[in-house]
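Report on the following structure.
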Amino acid sequence: MQENYMVGIYARLSRDDERAGESVSIENQKEMLSRYVREQGWTLYDYYCDDGVSGTTFDRPGLNRLVQDATDRKINLVLCKDLSRLGRDYIEAGKYTDFVFPSLGCRFIALNDGVDTIRKNNEMLVILKNVMNDLYARDTSSKIKAVKQSTFKSGKYVGCYAPLGYRKSAEDKHILEIDPVTAPVVRRIFDLRLQGYGFRKIALQLNAEKVPSPRSFYYMAEGRENLRGETPYWNDVTVKTILRNEVYLGHMVQNKTGTVSYKNHKQISKPESEWIRVEHTHEPLISQETWDAVQRMDNHPARGRSGKSGTIALFGGLLRCMDCGSSMRYLRDYRTRKSGESEYRAYACNRYMSGGKNACLSHYINQKALIQVVLTDIRCKALWAQNSRESLREQLLAREHTASMERTKMLKAELNAIGKQLPELDRLIQAAYEDKVLGRIPESVCIQLLHKYEAERREKQERSRELMEQLAASRENEKSVDAWLDMMQDYTQLEELDRPTLVRLIQKIEISERHTVNGHEERDIHIYYNFVGYIEE
């Protein structure tokens with residue numbers, strides 16, 4: 001037995017181990033092991049430490065340096081307090097004790113476990129110890145996950161940093177309160193989105209105004225510099241994340257991400273079905289109406305395009321040609337007219353502008369005339385909603401019911417058919433197993449049938465889920481009508497149109513070509529409102 005060893009002492013402490021107190025601290029491990037080295041008369045080469053690192057991962061700075069020094073023959077004995085310090089994954093830990101260290105000519109000792117690789121009679125002990133450490137890691141992971149789940153379900157905030165616009169309460173770090181410094185930035189982002197700005201354009205606008213990024217705000221509040229080199233600029237991803245975060249409605253939505261397993265700590269996104277949502281946990285930053293309007297923007301036709309001036313036309317993206325369905329192009333003419341106007345704004349069918357009369361007709365309309373039509377219609381609908389709410393509500397619900405009744409009937413019929421087909425598929429799967437066991441069909445045929453039945457069952461289950469969602473959406477009509485009636489009552493005295501108001505109220509406006517009726521030139525303009533669509537007088 002070699003007596004003169006160059007010893008590398010390995011010590012590790014994870015966040016979970018910190019609960020055990022001083023007995024497993026890095027300093028305690030180093031002191032105990034260095035004393036043992038002196039008692040044996042060996043030479044201590046160096047300490048290799050990983051503080052705050054999980055034992056289920058083996059990509060650690062201290063461990064990597066230790067293996068490199070063993071490879072370079074600087075050390076020939078690795079000493080640690082017990083096997084759990086080396087790691088809690090029995091496969092990886094076994095790889096080091098059975099292959100890596102022996103192949104490097106390096107002796108390994110786990111002092112408290114009585115493990116010494118120079119002794120060949122304790123191999124079973126090493127295996128059992130590694131398995132027990134692995135099971136401990138699994139059990140600890142399950143307990144931590146259960147505690148987190150309980151915290152999420154109680155509506156408490158769990159995160160290193162509060163979302164932009166909020167700060168953690170001084171009394172309870174799990175409670176969010178509005179931050180007067182950053183809250184205006186969040187409200188401005190929602191306002192810009194309502195004006196039709198895209199995610200990237202909002203970011204460019206904030207950067208142009210030199211608004212600090214969320215991380216910059218964090219370091220400013222901490223009173224220290226950003227030494228990690230994180231970008232101080234806004235980008236489209238950050239803006240999009242803010243606009244889709246329900247925390248600004250006063251709701252807590254957590255458990256969106258997790259790890260692959262207790263061994264693999266790679267972060268993954270969880271399906272929405274696993275998210276934990278608790279409503280009204282803190283004061284909201286924006287109203288439900290603003291939130292709904294912003295979410296509709298993702299699929300709203302009124303996203304529009306900005307011109308050379310960088311602004312979006314008032315009706316940009318909202319207008320549609322009634323004949324061909326294409327969008328309407330914004331036109332500006334700066335020639336001075338008889339009326340004294342130096343800038344004349346109008347819209348025309350985009351297909352006509354691109355392909356001429358063979359493609360479509362012009363559908364040309366002056367913006368001033370259109371503003372008056374839309375203003376009048378909004379005021380009329382608002383007065384109707386205010387003075388005859390119940391009759392208008394009944395009319396809208398009756399129309400929605402008639403339009404969706406046949407569709408709902410078809411959805412229910414398909415859902416009932418699937419409900420009968422799923423038990424039959426379960427019976428076929430069971431029969432395939434029985435036929436295989438009884439020798440009626442070969443195993444290969446059984447596997448082929450099972451794959452077919454399982455695929456069909458998954459498809460039916462997915463379709464069933466989609467149908468149920470569609471049926472649930474159809475039941476939301478009543479809520480949508482009420483929301484529209486509540487919203488419209490605020491616009492009885494509307495004097496001026498702006499883009500946020502248009503986007504908030506209107507889904508699209510269809511413009512027909514001029515036509516002659518009884519010697520008079522007329523045109524049809526159909527205004528489709530959010531929630532309820534086109535309302536005939």
Sidechain-backbone polar pair: Arg499 side chain, Gly316 backbone, donor-acceptor under 3.5 Å:
yes
Which residues share a side chain to side chain donor-acceptor pair (under 3.5 Å) with Arg389, sequence neighbours left out:
Asp486
Might you work through the side-chain hydrogen bond (donor to acceptor under 3.5 Å, both in side chains) test for Asp59 and Thr57, ending with a clear yes or no?
CA-CA 6 Å; Asp59 185 13; Thr57 176; 5.9 Å; no
Nearest-0.5 Å distance, CH2 of residue Trp234 to CD1 of residue Ile189
4.0 Å
If only atom types and distance count, is the side chain of Thr117 paired as donor or acceptor with the main-chain N or O of Phe108 below 3.5 Å?
yes
For Ser169, side chain to side chain donor-acceptor pair (under 3.5 Å) partners two or more places apart:
Glu171
Can you check whether Arg188 reaches Glu209 side chain to side chain, under 4.5 Å on heavy atoms?
yes
Point-to-point distance, once rounded to the nearest 0.5 Å, from CZ of Arg38 to CG of Leu44:
9.0 Å
Taking Leu176's backbone N and O only, do any of them form a donor-acceptor pair with His282's side chain (distance below 3.5 Å, no angle check)?
no
Report yes if the distance between the aromatic ring centroids of Tyr166 and Tyr157 is under 6.0 Å, otherwise no.
no
Expected output: side-chain Arg85 to main-chain Arg12 donor-acceptor under 3.5 Å:
yes
Partners meeting side chain to side chain donor-acceptor pair (under 3.5 Å) with Asp46 (sequence neighbours left out):
Arg65
Which heavy-atom pair separates Val532 from Leu396 by the least distance, and what is that distance?
CG1-CD1, 4.1 Å
Is the Lys NZ or Arg CZ of Arg215 less than 6.0 Å from the centre of Tyr161's six-membered ring, within 45° of the axis?
yes
Under 4.0 Å between a Lys/Arg side-chain N and an Asp/Glu carboxylate O for Lys381 and Asp377?
yes
Please confirm whether the backbone N or O of Arg187 pairs with a side-chain atom of Asp191, one donor and one acceptor, at under 3.5 Å?
no
Taking only residues two or more places apart in sequence or in another chain, which ones pass ring pair (Phe, Tyr, Trp, His ring centres under 6.0 Å) with Trp484?
Tyr529
I'd like to know if the side chain of Asp113 and the backbone of Val115 have a donor-acceptor N/O pair within less than 3.5 Å.
no
When rounded to the nearest 0.5 angstrom, what distance separates CD in Gln29 from CG in Leu13?
7.0 Å
Spatial distance of atom CD1 (Ile175) from atom CE (Met252) [nearest 0.5 Å]
9.0 Å
Whether Asn245 side chain and Thr241 backbone form a donor-acceptor pair below 3.5 Å:
no
Taking side chain to side chain donor-acceptor pair (under 3.5 Å) as the test, write out the residues that go with Asp292, two or more places apart.
Gln288
Give, for atom NZ of Lys74 and atom CD of Gln68, the distance between the pair rounded to the nearest 0.5 Å.
7.5 Å
If we ignore hydrogens and angles and just use 3.5 Å, is the side chain of Arg379 paired with the main-chain N or O of Gln493 as donor and acceptor?
no
Does Tyr47 have any ring pair (Phe, Tyr, Trp, His ring centres under 6.0 Å) partners at least two apart in sequence or in another chain, and if so, which?
none
Check whether NZ of the Lys or CZ of the Arg Lys95 lies under 6.0 Å from the centre of the six-membered ring of Phe99 and within 45 degrees of that ring's axis.
no
With ring centroids as reference points, do Tyr10 and Tyr48 lie under 6.0 angstrom apart?
no
Return the CG to CD1 distance between Leu243 and Ile202, rounded to the nearest 0.5 Å.
5.5 Å
When you measure from the side chain of Gln254 to the backbone of Lys156, do you find a donor-acceptor pair of N or O atoms at a distance under 3.5 Å?
yes
Side chains of Thr290 and Ser287: is there a donor and an acceptor less than 3.5 Å apart?
yes
